[in-house]
2 protein chains.
Amino acid sequence: MNMAIVLPIPSAEVIAPCFCNACDARPASVCNALPAKLLFHLARIAHRGVANANMSFIAEGEKAENYFNISAGTARLYKLLPNGRRQIIGFAGPGDFLGLAASGQFAFSAEAIGEVEFCRYPRQSWRALIGEFPAMAQFLLDSASNELVAAQEQMLLLGRKTARERLASFLIERSDPATPHLIALPMTRIDIADYLGLTVETVSRNLTQLSVDGIITVSRSRATIAIIDGARLRAMANGSDISSPI
Amino acid sequence: MNMAIVLPIPSAEVIAPCFCNACDARPASVCNALPAKLLFHLARIAHRGVANANMSFIAEGEKAENYFNISAGTARLYKLLPNGRRQIIGFAGPGDFLGLAASGQFAFSAEAIGEVEFCRYPRQSWRALIGEFPAMAQFLLDSASNELVAAQEQMLLLGRKTARERLASFLIERSDPATPHLIALPMTRIDIADYLGLTVETVSRNLTQLSVDGIITVSRSRATIAIIDGARLRAMANGSDISSPI
DNA sequence: CGAGCAATTGAGACAAGTCAAAGCTGGTGG
DNA sequence: CCACCAGCTTTGACTTGTCTCAATTGCTCG
């Protein structure tokens with residue numbers, strides 16, 4: 001067990017190892033809870049990993065021996081019922097931290113959509129590191145709180161919104177503040193359906209309808225959506241749109 | 001701002017103040033993260049509170065100035081859509097800790113079902129205390145993780161289970177290890193419906209059906225349910241029951 | 001005993017699901 | 001460079017589980 005966390009800071013050349021410096025996900029991830037000078041503590045216990053498209057890297061029910069921090073790509077996180085019904089509980093992207101599971105087992109499976117890169121941290125070493133740097137514990141608590149709030153919002157969606165409202169909410173959730181009316185959809189329609197508690201056909205029909213109503217435009221490749229009428233979409237997302245019930 | 005956390009331990013009489021000693025919820029709550037001798041630190045910043053039946057004590061969107069720790073009774077936690085649709089995101093009982101909200105605003109409202117007692121902790125004082133006692137931060141992270149796992153399970157229920165399966169899951173979730181086949185339902189049928197993403201009528205119909213099928217028995221007051229065929233109920237809860245599609 | 005709620009039951013409507021077929025898109029190999 | 005294949009997506013026709021609306025029944029408590 002690697003507990004030798006507290007070490008003299010090495011010479012400047014070794015500080016903030018190359019792959020952390022090059023990591024696009026750093027500003028948004030746990031790693032940022034440590035000042036750059038201390039990043040090497042994290043790098044020492046990190047194992048870099050890659051999952052190719054549709055490869056699984058976390059299996060529900062498996063012993064949770066590692067934490068994961070996504071550095072590139074998008075993953076689908078899902079739970080299965082014995083008869084095959086699937087619920088996607090979220091999509092994880094750069095900066096997202098996976099593996100908080102108090103029971104010691106993963107509560108969901110994770111699969112790469114396209115290629116996914118991540119850092120993997122053995123649970124043991126990680127715990128030791130947290131003990132050393134309270135800022136990391138705080139970061140994790142904050143991010144768990146945020147995820148909890150998001151999960152509660154999703155419960156509202158799944159329990160009380162119509163198909164159309166779910167699609168509207170989904171599009172808004174996925175819109176990036178940098179490009180607020182261009183939405184990238186790396187996942188398939190089936191993924192979207194399994195995330196929103198619908199079927200593919202219903203997703204497809206409602207996207208078509210939103211398009212016909214002049215609220216969005218779907219790119220020819222279907223992987224990008226442009227928001228035309230953001231106000232209307234937002235009203236729809238929280239169930240207060242006046243018009244057109246499907 | 002009360003930051004004077006580190007104090008000499010007072011004389012034995014003051015340690016572990018009376019209301020903490022009498023508190024049934026202590027073993028299951030954050031308070032247990034502190035050894036009995038240090039409980040007075042918590043008691044110093046706690047404000048005891050009571051909410052009568054159907055009184056609200058947390059309002060969604062309100063500035064989150066306090067944390068709450070339920071010591072007696074049951075509360076419904078819910079979110080509303082502008083048009084009045086309601087989703088109950090959970091029921092909180094003794095030992096449950098409320099108020100983790102990274103955004104600074106409550107993400108849900110809370111109302112007492114019957115009478116609810118709680119301790120209220122001002123956010124400021126609480127943060128200071130966490131800084132002092134890492135075990136409390138760890139407890140909170142663990143309990144946030146547990147809630148997250150429960151929320152994900154609920155997403156699976158809301159997105160992919162039939163009405164009958166939802167009821168079965170609900171009954172199993174609420175069964176107490178101490179009395180595994182006697183279930184107390186302090187909440188109304190409407191509450192159950194809003195928790196399971198159904199209508200009252202559907203809840204009522206399905207409870208009747210479970211009863212007709214000899215899987216449960218409903219007490220005359222309707223507030224207690226006895227499980228007759230636990231195996232069948234469990235199979236039903238995860239969607240692998242052979243028979244009777246309503 | 002009767003008012004006031006909560007819960008149940010019934011009948012009919014509708015949103016979303018199912019099954020089936022056709023349309024695109026992007027990649028592969030002749 | 002084009003034909004073709006495989007998989008994803010869309011569209012259509014029909015079914016159904018759950019909702020809605022409307023009574024009725026049953027409990028609790030003054």
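Lettering of chains follows the sequences in order, A, B, ..., and the numbering in each one begins at 1.
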Starting at [atom1] of [X] and ending at [atom2] of [N], how long is that distance when rounded to a whole Å?
X        : N      : atom1 : atom2 : result
A:Ile190 : C:dG17 : CD1   : P     : 14 Å
A:Arg164 : C:dA16 : CZ    : P     : 11 Å
B:Asn54  : C:dA6  : CG    : P     : 8 Å
A:Asp191 : D:dT9  : CG    : P     : 8 Å
B:Ile192 : C:dT8  : CD1   : P     : 9 Å
B:Gln209 : C:dT8  : CD    : C1'   : 13 Å
B:Arg220 : C:dT8  : CZ    : P     : 14 Å
B:Glu165 : D:dG17 : CD    : P     : 12 Å

In terms of side-chain heavy atoms of [X], which of [options] is nearest?
X        : options                : result
A:Thr208 : D:dT18, D:dT11, C:dG17 : D:dT11
A:Ser204 : D:dT10, C:dG10, C:dG17 : D:dT10
B:Glu201 : D:dT11, D:dT20, C:dT8  : D:dT20
B:Arg222 : C:dT8, D:dC19, D:dT9   : C:dT8
A:Arg205 : C:dT25, C:dT9, D:dT11  : D:dT11

### Query
Going through the checks in order, is the ring-ring contact (aromatic ring centres under 6.0 Å, His included) test met by B:Phe108 and B:Tyr78?
CA-CA 5 Å; B:Phe108 53 80; B:Tyr78 62 92; 8.9 Å; no
### Query
Can a donor-acceptor pair be found between the side chains of A:Arg48 and A:Ser71 at a distance below 3.5 Å?
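Yes - a donor-acceptor pair under 3.5 Å links their side chains.
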### Query
At under 4.0 Å, does any side-chain N or O of A:Arg189 touch on OP1 or OP2 of D:dT10?
yes
### Message
Quick check: on DNA chain D, is the nucleotide nearest A:Thr202 upstream (toward 5') of the one nearest A:Arg160, or the reverse? Name the residue that is more 5'.
### Response
A:Thr202
### Query
Is A:Lys79 paired with A:Asp194 through a side-chain N to carboxylate O contact shorter than 4.0 Å?
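Salt bridge absent between A:Asp194 and A:Lys79.
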### Task
Indicate, with yes or no, if the rings of B:Phe97 and B:Phe68 have centres closer together than 6.0 Å.
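No, too far apart.
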### Message
Taking any heavy-atom pair under 4.0 Å as a contact, classify A:Leu207: base, sugar-phosphate, or nothing.
### Response
nothing
### Face-on cation placement of A:Arg86 at A:Tyr195 ring, 6.0 Å and 45° thresholds
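Not satisfied by the 6.0 Å and 45° rule.
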